[in-house]
Undergrad: 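Can you read through this structure? Questions will come right after.
Note that the structure is a prediction, hence the values are computed from the model and not measured. Each chain gets a letter, A, B and so on, in the order the sequences are listed, and its residues count up from 1.
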2 protein chains.
Amino acid sequence: MSRKAKRTEGGTTSNALLGLLSMGPMSGYDIRALIGRSIGYFWSESYGQIYPGLKRLAAAGLVEKKTERQKGRPDRHVYSLTAAGRMRLKEWLKLPVTSEPPRNELLLKLFFGGHVPHSVSREHVTEFLEEHEQALKTYAAIAKDLRKDADGAEVPFYLMTLSLGKHGSDASVKWARETLKKLDELEKHKGGRR
Amino acid sequence: MSRKAKRTEGGTTSNALLGLLSMGPMSGYDIRALIGRSIGYFWSESYGQIYPGLKRLAAAGLVEKKTERQKGRPDRHVYSLTAAGRMRLKEWLKLPVTSEPPRNELLLKLFFGGHVPHSVSREHVTEFLEEHEQALKTYAAIAKDLRKDADGAEVPFYLMTLSLGKHGSDASVKWARETLKKLDELEKHKGGRR
DNA sequence: GGGTGCATGTAATGGGTTACATGATTCT
DNA sequence: AGAATCATGTAACCCATTACATGCACCC
């Protein structure tokens, strides 16, 4: 009974935290802020995950906690990776990506679009279009920033992730425009239907 | 004390169930199977959601249950939409799409790709590529099927949802190939890094 | 005086998957 | 003989968001 038990710390969230801490020592608050400026467009964590997560990681010896006293403000709890934590991160990075079941509410609503006026589907698609147009602007801005301080060895990786966002949003915009046209045509040709 | 309370039945799952039942009366088992042949590529539900979900919907008067006795096999519980259920579905369809926080594990791993050999990232991207190539084949097959019996008024909507899948997978394939090239270049030019 | 930012955390609640439990029939 | 399909459902567990609770400092 002890195959490779090692009841330690699973969960993608923990590993995301390790990854973020690999960029430097940080508090939970810092982590949230860093997410916003870096991986926010493809990953998110709430405080309700971050604080308990850090605690668990500390208990497992994967991160180390140091308390910085401050005047006025509450103490800062700054966490940093331990050697074990860095190893754990690498191991996890090597594991195959676990894909989760798809859930796309826009498509679900569009699929059943026959039950409602076409204008409803139009609106959903339009909003989707606008979101992705906005996203494209954001990506462009981030890419610009990245190329500015394009020194680090990690930058190419950051650009690759950005690029998937861009490809995806480009495709989404294209699809949305086509779909709006199709909806308009449906509207015109709606001959003998109730 | 009674603004617009109406504590009834929220949750996207319930509404997905209503949508599926709008295609005809069905049992929980049938629903699972239907998902596989229709919206499976952008939506999924497990039995653990379906059976309790149907029960709640029945309690709320949105669906009606009829039991079909069978020999040998367990009874079939066939559910069908009530008028109230159909109304509820339409209302929900009109509501704006609620987008959920993004979580893309592939990008997360790629983002931190600097910590591991490039071959690791290569493998992740390759698997992603293959998944989407496979998906494209599936989409093509479904589209063919759909155009075969292209009578119903709903078919255009089915094709629109399919089309987003196609656009998305096309983009993903394109990105994956580009990214593999970049990874190879990184590998070649890895001059003065530890 | 009021909003925003700094900074921590917990509790309630919701949503979901997976594994378990059961068992006959039909196909290979 | 064994696998797949039909058919239902529950229980344990995990993961995650949101709301709550607290409170000072700084800027307008």
Undergrad: Over 60° means perpendicular and under 30° means parallel, so classify the ring planes of A:Tyr51 and A:Tyr47, tilted if in between.
TA: parallel

Undergrad: My understanding is that only one of A:Arg88, A:Arg56, A:Gln49 makes a side chain to side chain contact (heavy atoms under 4.5 Å, CB included) with A:Ser14; could you say which?
TA: A:Arg56

Undergrad: Give the rounded distance in Å between these two atoms: OH of B:Tyr51 and P of C:dT22.
TA: 17 Å

Undergrad: I want to know whether A:Phe157 and B:Phe112 have ring centres closer than 6.0 Å.
TA: no

Undergrad: Starting the side chain at C-beta, find the nucleotide from D:dT8, C:dG9, C:dA7 nearest to A:Tyr79.
TA: C:dG9

Undergrad: Name every residue in residues 42-50 of chain A that has at least one heavy atom under 4.0 Å from any atom of DNA chain D, in order of residue number, or write none if there are no such residues.
TA: A:Ser44, A:Ser46, A:Gly48, A:Gln49

Undergrad: Pick the nucleotide of DNA chain D nearest each of B:Gly28 and B:Pro101; which residue has the one closer to the 5' end?
TA: B:Gly28

Undergrad: Which is more 5' along DNA chain D, the nucleotide nearest A:Arg73 or the one nearest B:Pro52? Just name the residue.
TA: B:Pro52

Undergrad: Between B:Leu89 and B:Ser22, is there a side-chain heavy-atom distance shorter than 4.5 Å?
TA: yes

Undergrad: Determine, step by step, whether B:Glu178 and B:Lys182 satisfy the salt bridge (charged side-chain N to carboxylate O under 4.0 Å, His left out) criterion, reporting the C-alpha distance in whole Å, the side-chain angles of both residues, the deciding distance to 0.1 Å, and the verdict.
TA: CA-CA 6 Å; B:Glu178 290 175 12; B:Lys182 275 185 211 160; 5.0 Å; no

Undergrad: It should be established whether A:Thr12 places a side-chain nitrogen or oxygen under 4.0 Å from OP1 or OP2 of nucleotide D:dC15.
TA: no

Undergrad: State whether A:Gln70 places a side-chain N or O below 4.0 Å from either non-bridging phosphate oxygen (OP1 or OP2) of C:dA7.
TA: yes

Undergrad: May I ask you to decide whether B:Lys174 forms a salt bridge with B:Asp170, counting only side-chain N to carboxylate O separations under 4.0 Å?
TA: no

